[in-house]
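Have a look at the structure below before the remarks.
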There are 2 protein chains.
Amino acid sequence: MATIYEVSTLAGVSLATVSRVINNNSRVSDKTRQKVTDAMAELDYRPNSIAQSLASNRTNSVGILVSELHGPFFGQMMAGIESELRLSGKHVIITTGHSEEEREKDGIEFLISRNCDAIILHVEAVNDEYLIELCKGNTPVYLMSRYVAAISENCISLNNELGGYLATKSIIEQGHSAIAYIAGPQFKSDAKCRLAGHKRALTEYNIPFSDTLYFEGDFKETGGCDGLEHFINSNKPFTALICANDEMASGAITYAREQGFSLPDELSIIGFDNIIFSQHTYPKLTTIDNPVNLMGHMAAKLVLKNTYKQKNINITHSFEPTLITRDSVISAV
Amino acid sequence: MATIYEVSTLAGVSLATVSRVINNNSRVSDKTRQKVTDAMAELDYRPNSIAQSLASNRTNSVGILVSELHGPFFGQMMAGIESELRLSGKHVIITTGHSEEEREKDGIEFLISRNCDAIILHVEAVNDEYLIELCKGNTPVYLMSRYVAAISENCISLNNELGGYLATKSIIEQGHSAIAYIAGPQFKSDAKCRLAGHKRALTEYNIPFSDTLYFEGDFKETGGCDGLEHFINSNKPFTALICANDEMASGAITYAREQGFSLPDELSIIGFDNIIFSQHTYPKLTTIDNPVNLMGHMAAKLVLKNTYKQKNINITHSFEPTLITRDSVISAV
DNA sequence: TTGTATGCGTTATCAG
DNA sequence: CTGATAACGCATACAA
């Protein structure tokens, strides 16, 4: 592989000049620039990004930590981040935390040790204090889908409380009052906020929150099955089921049908996130849209603006969920 | 950040010795080793991975190119690769090709320019010649889910032809003979092989292949809708529908129900890939299992063995699909 | 506008 | 077993 040195001798200029045309920041006369580019072309020269990084103290890479690499939610998020960053020639180093504290911390250490210029985190298990402390380090840290007040400028988050509220409100306005709720793991802030919104809606309509119609699921399909099974066994009647995400809703739908429910007639179900597959459940899932792809783009823009000093970028830190009405919710009789 | 130099002075040894204990390859006396590790601890020293890379000509990173970051198929694949590599302290740089030739080539260039120690590709648009040529370069190249004979040692692939055969055979053995087929884009080798398997099964049972019951879809949900719509409009009767992947199958299921079909009574449907969501369609999708997560692990192992010279690794280059029987296929009347 | 000199933090090749 | 010392390929003050 040709080096900058060979280019410089072939072009008959100095190392520094070649470096200047590569980074075209400083002024170089058109003539010498031409000589250099010709030499680069002739030698098929490619800058060594590692050497560039060592000399400039910049790697042009941003680290991403997600809970899982699979799953529709993270897929959309990563796609948003990567496509935005790629346009600016930055690359992403992706690792996983599996929603476990140790593994999340380990992943963060890993990314930092890799000299990422910034890291974007979707962490669920580590606590706020840890994150606040982390932000004091040398590597800029950004949070996806999580709001920590002390570092709010570094957060791109969804108003999950509002989403939870909207879901429940829409159910209530269809005339339901016996409402079961399958929450996400309560150590996850998303899940907690969605539940809070649910409770606010109940309160607003003077519907008491029932412990027997509450179940904490795992945000996966199994959580939906388990939750619904739990409610059925409790023998307390309900006409609507709210799931804190679409995976659990689809699990619940599957289980409900196995138990002989006619859907949506005998049970209305609503989800949260609007993953692609929610259009293909039967009945088609009514849900809350979570613009996670957009949020991914925005997190990337935040990095571009703060870390790479790009101009004319406007940041929206908070996103709003919206109700997507499909077929899985009908009026209570 | 402390450097190796500071560690050496604090420990009272030379640079070289510190480097030796970091990489613990060469022998160092226990005493000096202890002094060095103590000094490292005291200074909270972390090796600079960029400098290591420049000096050693190894980045400990492997590039991955997938068509899309979202989607259940790629998610499972990436998860397999990443988790395997992460165990050995290697990291993944992920980029996308969107099944378009130019973008795939661009992504490959990008990964190579990043000095990846190896790259794992899931490419669909570039041709075999390009890949063969690529393998002659300095960066080792591995292919996921694609078989190119000339570089078969670098391929981890599924026997898609067999999968296509199994799907069709299982349908035929349920007594169906009027069978519609929605293929994937025929420039993708997976799609082509699955179709070939389909045709082999038809031939074996003396069922003629019908052009009017063939449709080339896009491997997405829409492909399933469009294909089924096409068949319905053609007015040629059919009792079973084979889709070349699960996304199209779920799209077809949704569309079929919208058109008033009673499933699976009036139409049997089978998919391919066994994505997680295939358990949650209604009826639950009968499909062909594609062990893509396992294949991801294997691709990573191949890199570990060839590029990182790890011992005792056994490689399986070819994987076999299997039939997963659920509820979407029933006997023809 | 261009060139010189030095540093970035390691690894690796020699001797000793 | 340990220590000098030269790469690695480039960026960047500082001069000219």
Side-chain angles (χ1 to χ4, degrees), chain A residues 1-40 43-61 89 112-117 138-139 308-309, chain B residues 1-40 43-61 89 112-117 138-139 308-309:
Chain A
M1 205 53 175
T3 72
I4 197 174
Y5 181 75
E6 300 170 46
V7 174
S8 76
T9 56
L10 178 59
V13 298
S14 75
L15 275 189
T17 302
V18 177
S19 177
R20 287 189 187 102
V21 347
I22 291 174
N23 301 294
N24 66 287
N25 35 22
S26 181
R27 318 218 158 287
V28 179
S29 76
D30 285 350
K31 262 177 269 180
T32 43
R33 175 183 303 279
Q34 191 58 49
K35 283 193 298 185
V36 172
T37 50
D38 286 351
M40 295 200 303
L43 294 171
D44 191 27
Y45 166 78
R46 319 285 180 91
N48 180 319
S49 62
I50 297 297
Q52 287 178 317
S53 295
L54 184 60
S56 66
N57 197 30
R58 166 149 296 179
T59 59
N60 290 310
S61 69
I112 292 177
S113 80
R114 252 40 220 215
N115 298 71
C116 294
D117 295 331
N138 296 316
T139 307
Y308 295 113
K309 307 302 178 194
Chain B
M1 207 55 175
T3 71
I4 197 175
Y5 182 75
E6 300 171 44
V7 174
S8 76
T9 56
L10 179 60
V13 298
S14 73
L15 275 190
T17 302
V18 178
S19 177
R20 286 190 185 99
V21 348
I22 292 174
N23 301 293
N24 67 287
N25 36 22
S26 182
R27 321 222 154 281
V28 180
S29 75
D30 285 348
K31 263 177 269 181
T32 43
R33 176 183 303 279
Q34 191 58 50
K35 283 193 297 185
V36 172
T37 51
D38 287 351
M40 294 200 305
L43 295 171
D44 190 29
Y45 166 78
R46 321 284 181 90
N48 180 319
S49 61
I50 297 296
Q52 287 180 316
S53 295
L54 184 61
S56 66
N57 197 30
R58 167 151 295 181
T59 59
N60 290 309
S61 68
I112 292 177
S113 79
R114 252 43 219 212
N115 297 71
C116 294
D117 295 331
N138 296 315
T139 307
Y308 296 113
K309 307 301 178 194

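Every heavy atom of this structure was used, including side-chain atoms; hydrogens, water molecules and symmetry mates were not. To find a chain, count down the sequence lines: A is the first, B the second, and so on, and within it residues start at 1.
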Does a nitrogen or oxygen in the side chain of A:N23 sit under 4.0 Å from OP1 or OP2 of D:dA11? yes
Indicate, yes or no, whether a donor-acceptor pair under 3.5 Å links the base of D:dG3 to the side chain of B:R20. yes
Please state whether the phosphate of C:dT11, meaning OP1 or OP2, lies under 4.0 angstrom from any side-chain nitrogen or oxygen of B:Y5. no
Round to a whole Å and report the spacing from CG of B:N60 to P of C:dT11. 11 Å
For B:R46, which contact category applies under a 4.0 Å heavy-atom criterion: base, sugar-phosphate, or nothing? sugar-phosphate
Please work out if B:T32 contacts a base, only the sugar-phosphate, or nothing of the nucleic acid, heavy-atom cut-off 4.0 Å. sugar-phosphate
Would you mind reading off the distance between B:N48 atom CG and C:dT10 atom P, rounded to a whole angstrom? 5 Å
Side chain to side chain, B:N138 and A:M1, heavy atoms closer than 4.5 Å: no
Within the structure, does a side-chain N or O atom of A:T17 lie under 4.0 Å from either OP1 or OP2 of C:dG3? yes
Please confirm whether the backbone N or O of B:Q52 pairs with a side-chain atom of B:S56, one donor and one acceptor, at under 3.5 Å? yes
Could I get the full list of salt bridge (charged side-chain N to carboxylate O under 4.0 Å, His left out) partners for A:R46, not counting sequence neighbours? A:D44, B:E109
Please report, rounded to the nearest Å, how far the P atom of D:dG3 is from the CZ atom of B:R27. 18 Å
Rounding to a whole Å, what distance do you find between B:I22:CD1 and C:dA12:P? 12 Å
Go through the steps to decide whether A:R114 and B:N60 satisfy the test side chain to side chain contact (heavy atoms under 4.5 Å, CB included), and finish with yes or no. CA-CA 10 Å; A:R114 252 40 220 215; B:N60 290 309; 2.9 Å; yes
Rounded to whole angstroms, how far apart are CG on A:N57 and P on C:dC8? 10 Å
If you compare all heavy atoms of B:Y45 against all heavy atoms of B:I22, which two are closest, and at what distance to 0.1 Å? OH-CD1, 3.5 Å
A:D30: what forms a salt bridge (charged side-chain N to carboxylate O under 4.0 Å, His left out) with it, not counting sequence neighbours? none
d(CG, B:D30; C1', D:dT2) in whole Å: 15 Å
Between D:dC8, C:dT11, C:dT2, which nucleotide has the shortest distance from any of its atoms to the side chain of A:V28? C:dT2
Please enumerate all residues that pass side chain to side chain contact (heavy atoms under 4.5 Å, CB included) together with B:A39, with sequence neighbours excluded. B:V7, B:L10, B:A11
Rounded distance in Å - CG (B:L54) to P (C:dA12): 12 Å
Respond yes when some side-chain nitrogen or oxygen of B:Q52 is under 4.0 Å from OP1 or OP2 of C:dT11, and no when none is. yes
I'd like to know whether CG of B:N57 has more than 12 heavy-atom contacts from other residues, nucleotides or ligands below 6.0 angstrom. no
Could you tell me whether a side-chain N or O of B:S49 sits under 3.5 Å from a main-chain N or O of A:S113, the two making a donor and an acceptor? yes
Rounded to whole angstrom units, what separation is found between the CD1 atom of B:I50 and the P atom of C:dT11? 13 Å
Helical bend (five base pairs per end, nearest 10°) for the helix from C:dT1-D:dA16 to C:dG16-D:dC1: 30°
Does any pair with a residue in residues 15-25 of chain A pass salt bridge (Lys or Arg N to Asp or Glu O under 4.0 Å), and if so which ones, sequence neighbours excluded? none
Between B:S29 and D:dT2, is there a side-chain N or O to OP1/OP2 distance below 4.0 Å? yes
Mind running a 4.0 Å heavy-atom check of residues 7-16 of chain B against DNA chain D and sending the residues that fall below it, in number order? B:V13, B:S14, B:A16
